[in-house]
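What follows is one structure encoded as structure tokens, with my remarks underneath.
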Amino acid sequence: MEQKPASGSGRASPPPGATRSGPAQRPDIQGLRALAVTLVVLGHAGVTRLSGGYVGVDVFFVISGFLITSSLLRELSATDRISIRAFYARRALRLLPASALVVLVTLAGSWLFLSKVRFAEYMSDAFASALYAVNFRLAATGTDYLAEGSPPSPFQHFWSLAVEEQFYLLWPLLLLLGRRLSRRRRALLATPLVALCVVSFGLSVHVTGRSAPWAYFGSHTRAWELGAGALVALALLRPPRLPAGVAVAMTWAGLACVIAAALRFDADTPFPGTAAVVPVVGAALVIVGGTSPAWPGARRMLPRGR
């Protein structure tokens, strides 16, 4: 699963959560990421009380949107441009070696230990995974991610990475468009992303009631979750001076939303749809509240977030 307007003097001011030497460490975000992993793993392990552990993926989407957008904004601030070629090259160098290895090992394991009758199907899944398009294949074949009776594809775990990569094919271009629109009005920087999020959320609600596989695996129904994290990064270009009490309340409320979703949701919950708002807003609240040095807060409860 899975992470800058130039000043007149040519020297960029540090973005939120960063120093001149680089971005500041956010152990609370690392802790939130660890919590998301834990929820997904325990949910798949069959822990009854965490039947909604799949919401960890939604938390990941928010974190990814926030971190990648923060990186793009730092580049925009420093150079007044975004190198699309360099961005895609960085993504490829970071993901391709590991993902290619996982695909090959998983395919070999499928041949050795799984059904030979279904191996042709696994080959198609492997090819789709290598192209970061396996989510479309899973949606088209009507895969039920939460089904307990049927064996899932060994490549099913690639679906969320595929959604992310499809989002990032579009997002840097939208950010550049927003930059052009915001030359005179800063508020317009987020306009293309807000439009994308509104459309994607509307599709998520609509498709969830009509086709569960397409709603769950579709990048068009999930883009708003990554977009929510990106909007948080844009909002924190000038981080608000949150009172300590407000920041602490935000982190606790955000953590409560994520955990409540993991405890209350199950295989019968129409998802993502409107239900996904709970973990998405929860993750966003933790990230925003964590910009304040206020202590104590929910950060103390996050794994590795101390």
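We use all heavy atoms of the structure for the numbers below, so side chains are in, but hydrogens, waters and symmetry mates are not.
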Pairs involving residues 81-112, ordered by first then second residue, that meet ring-ring contact (aromatic ring centres under 6.0 Å, His included) (sequence neighbours left out) = Trp111-Phe119
Closest non-hydrogen contact found for Leu39 with Val55 is CD1-CG2, 4.5 Å
Is Ile68 close to Arg91 at the side-chain level, that is, under 4.5 Å between some pair of heavy atoms?
-> yes
Evaluate the criterion side chain to side chain contact (heavy atoms under 4.5 Å, CB included) for residue pair Ser160 and Phe61; output intermediate values, then yes/no.
-> CA-CA 8 Å; Ser160 58; Phe61 284 156; 3.9 Å; yes
Find the distance between CG (Leu175) and CG (Leu234) and round it off to the nearest 0.5 Å.
-> 6.5 Å
Taking every non-hydrogen atom, the tightest pair across Thr79 and Arg81 | OG1-O, 2.9 Å
Minimal heavy-atom distance between Ala133 and Ala162, with the atoms involved, is N-CB, 4.1 Å
Work out which heavy atom in Cys257 is nearest to a heavy atom in Gly282; give both atom names and the distance.
-> CB-CA, 3.7 Å
Rounding to 0.5 Å, atoms CZ (Arg118) and OG (Ser124) come to a distance of 11.5 Å
Side chains of Leu177 and Thr191 in contact at under 4.5 Å (non-hydrogen atoms) = no
Sorted by chain and number, sequence neighbours left out, side chain to side chain contact (heavy atoms under 4.5 Å, CB included) with Val205 holds for Phe201, Thr274
Smallest heavy-atom separation, Gly290 atom then Thr251 atom, equals N-CG2, 3.9 Å
State whether the side chain of Tyr54 and the backbone N or O of Asp266 hold a donor-acceptor pair below 3.5 Å, judged by distance alone.
-> yes
Mind listing the closest non-hydrogen atom pair of Tyr168 and Ser64 along with its distance?
-> OH-OG, 2.7 Å
Nearest 0.5 Å please: distance from the OG atom of Ser219 over to the CH2 atom of Trp159.
-> 10.5 Å
Expected output: side-chain Ser292 to main-chain Gly289 donor-acceptor under 3.5 Å = no
Leu174 and Val198: same hydrophobic cluster, using ILVMFWY side-chain contacts below 4.5 Å?
-> yes
Roughly how far, to the nearest 0.5 Å, is the CH2 atom of Trp252 from the CE atom of Met250?
-> 15.0 Å
Do Met123 and Phe113 belong together in a cluster built from hydrophobic side chains that touch within less than 4.5 Å?
-> yes
Report, as yes or no, whether the 6.0 Å neighbourhood of atom CZ on Arg90 holds more than 12 heavy atoms from other residues, nucleotides or ligands.
-> yes
Any link between Leu203 and Phe217 through a network of hydrophobic side chains (Ile, Leu, Val, Met, Phe, Trp, Tyr) touching at under 4.5 Å?
-> no
Donor-acceptor contacts, no H, no angles, side chain residues 98-109, under 3.5 Å, sequence neighbours left out:
unit_1: Ser99; atom_1: OG; unit_2: Leu95; atom_2: O; d: 2.9
unit_1: Ser99; atom_1: OG; unit_2: Leu96; atom_2: O; d: 3.2
unit_1: Ser99; atom_1: OG; unit_2: Tyr132; atom_2: OH; d: 3.0
unit_1: Thr106; atom_1: OG1; unit_2: Val102; atom_2: O; d: 2.6

Determine yes or no for a side-chain-to-main-chain donor-acceptor pair under 3.5 angstrom, with Glu75 supplying the side chain and Ser83 the backbone.
-> yes
So, do Val134 and Phe127 sit near enough that their side-chain heavy atoms are less than 4.5 Å apart?
-> no
Mutual orientation of the aromatic rings belonging to Tyr216 and Phe271 [parallel < 30°, tilted 30-60°, perpendicular > 60°] = tilted
Side-chain heavy-atom pair Leu138, Pro213 within 4.5 angstrom cut-off | no
Test item: Val278 and Arg264 side chains (from C-beta on) under 4.5 Å apart, heavy atoms | no
Which value, rounded to the nearest 0.5 Å, describes the distance between Asp28 atom CG and Leu35 atom CG?
-> 12.0 Å
Check: Trp224 and Val280 side chains under 4.5 Å, non-hydrogen atoms | yes
Is it true that Leu131 and Leu169 fall in one hydrophobic cluster, defined by side-chain heavy atoms closer than 4.5 Å?
-> no
Does Asn135 have any side-chain hydrogen bond (donor to acceptor under 3.5 Å, both in side chains) partners at least two apart in sequence or in another chain, and if so, which?
-> Gln166
Sort out for me which residue in Leu67, Val59, Thr38 forms a side chain to side chain contact (heavy atoms under 4.5 Å, CB included) with Arg33.
-> Leu67
Residues passing the side chain to side chain contact (heavy atoms under 4.5 Å, CB included) test with Thr208, sequence neighbours excluded, are Ser204, Ala215, Pro270, Pro272
Rounded to the nearest 0.5 angstrom, the CG-CG distance for Leu196 and Leu170 is 6.0 Å
Check whether any side-chain heavy atom of Arg26 sits under 4.5 Å from a side-chain heavy atom of Thr291, and report yes or no.
-> yes
Evaluation steps, side chain to side chain contact (heavy atoms under 4.5 Å, CB included), between Val232 and Val288 = CA-CA 7 Å; Val232 170; Val288 175; 3.7 Å; yes
Distance-only, no hydrogens or angles: does the Ser51 side chain make a donor-acceptor pair with backbone N or O of Phe265 under 3.5 Å?
-> yes
Apart from Val117 itself, members of its ILVMFWY cluster (side-chain separation under 4.5 Å) are none
Any side-chain heavy atom of Thr221 sitting closer than 4.5 Å to one from Ser200?
-> no
Verify side chain to side chain contact (heavy atoms under 4.5 Å, CB included) between Leu76 and Leu72, making sure each step is shown before the conclusion.
-> CA-CA 6 Å; Leu76 192 59; Leu72 290 172; over 6 Å; no
Apply side chain to side chain contact (heavy atoms under 4.5 Å, CB included) to the pair Asp58 and Arg222, showing each step before the final yes or no.
-> CA-CA 9 Å; Asp58 305 85; Arg222 295 290 194 158; 2.6 Å; yes
For Phe66, does its backbone N or O pair with a side-chain atom of Thr69 as donor and acceptor, under 3.5 Å?
-> no
Using the ring of each side chain (for Trp, its six-membered ring), is Trp214 parallel, tilted or perpendicular to Phe136, with breaks at 30° and 60°?
-> tilted
